[in-house]
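Computation of the quantities below employed the complete heavy-atom set of this structure, encompassing side-chain atoms and omitting hydrogens, waters and symmetry-equivalent molecules.
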Amino acid sequence: LRARPASAAVLVPLCSVRGVPALLYTLRSSRLTGRHKGDVSFPGGKCDPADQDVVHTALRETQEELGLAVPEEHVWGLLRPVYDPQKATVVPVLAGVGPLDPQSLRPNSEEVDEVFALPLAHLLQTQNQGYTHFCQRGHFRYTLPVFLHGPHRVWGLTAVITEFALQLLAPGTYQPRLAGLSYPGAEGLAHPQQPLVSPCQASSTSGLNKGL
């Protein structure tokens, strides 16, 4: 998988903040162009021809965005690839970055507005988990997980990657809440304990509907 061609790679940094296991996120700069400016994301970006593979892409982008040098030996492995709306392959790279104070990082202000961490315990609490229905012209397209009640809402492909990471890091504890799991790469994930209500008409205190 590491040797397969991909469009982009992101680093999923597992860190310890004041002794508490957490995942590290960035808030993309509002000055960027494109539809994802101002969104929560993991550090990462497009593969460069000079990169050896997706691991090197993720590590290089993390260094450029956050000034955080992660040794290759701290990489644990690759998570399941995901696909953006343009069908580009994005490979998540899971790494342990050790004890970290997000406020001590000096992110590149051209790319990142903020760096923050969410404890695994927060992400694993069901009251912080929800879903987003994506619709186009009134018709259901797909449903994605969303993680709530942190400094910023984690949604989109970043939420999908977070879900993959939680299933690996907390097997048997984290269970996806969605029945259909209709985003790319969702095959084989566990089914939820509650059914999904009618797409495009659902409303939930922990969920959102989003029209495209």
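- For residues 85-125, the set of pairs meeting the ring pair (Phe, Tyr, Trp, His ring centres under 6.0 Å) definition, not counting sequence neighbours, comprises Tyr25-Phe116, Phe116-His152.
- Residues passing the side-chain contact (heavy atoms from CB on, under 4.5 Å) test with Gln52, sequence neighbours excluded: His56.
- With sequence neighbours excluded, the residues that form a salt bridge (Lys or Arg N to Asp or Glu O under 4.0 Å) with Asp113 are Arg31.
- The side-chain contact (heavy atoms from CB on, under 4.5 Å) check on Pro21 picks up Leu120, with sequence neighbours excluded.
- Not a single side-chain contact (heavy atoms from CB on, under 4.5 Å) links Ala121 to another residue, sequence neighbours left out.
- Aromatic ring pairs are classed by plane angle as parallel below 30°, tilted from 30° to 60° and perpendicular above 60°; the pair Tyr174 and Phe147 is tilted.
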Kindly list each side-chain donor-acceptor pair under 3.5 angstrom involving residues 89-105, sequence neighbours excluded, with atom names and distances?
| residue | atom | partner | partner atom | Å |
| --- | --- | --- | --- | --- |
| Asp101 | OD1 | Gln103 | N | 3.1 |
| Ser104 | OG | Asp101 | O | 2.6 |

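- Put simply, the side chain of Leu66 reaches to within 4.5 Å of the side chain of Leu24, judged on heavy atoms.
- Within the structure, salt bridge (charged side-chain N to carboxylate O under 4.0 Å, His left out) contacts touching residues 44-57 (residues at least two apart or in different chains) are Arg2-Asp53, Asp51-Arg60.
- Between Trp155 and Asp39 the shortest side-chain heavy-atom distance falls below 4.5 Å.
- Shown here are the side chain to side chain donor-acceptor pair (under 3.5 Å) partners of Thr26, two or more places apart in sequence or in another chain: Ser41.
- For the pair Glu65 (side chain) and Pro107 (backbone), a donor-acceptor distance under 3.5 Å is absent.
- Residues passing the salt bridge (Lys or Arg N to Asp or Glu O under 4.0 Å) test with Glu73: none are found, sequence neighbours excluded.
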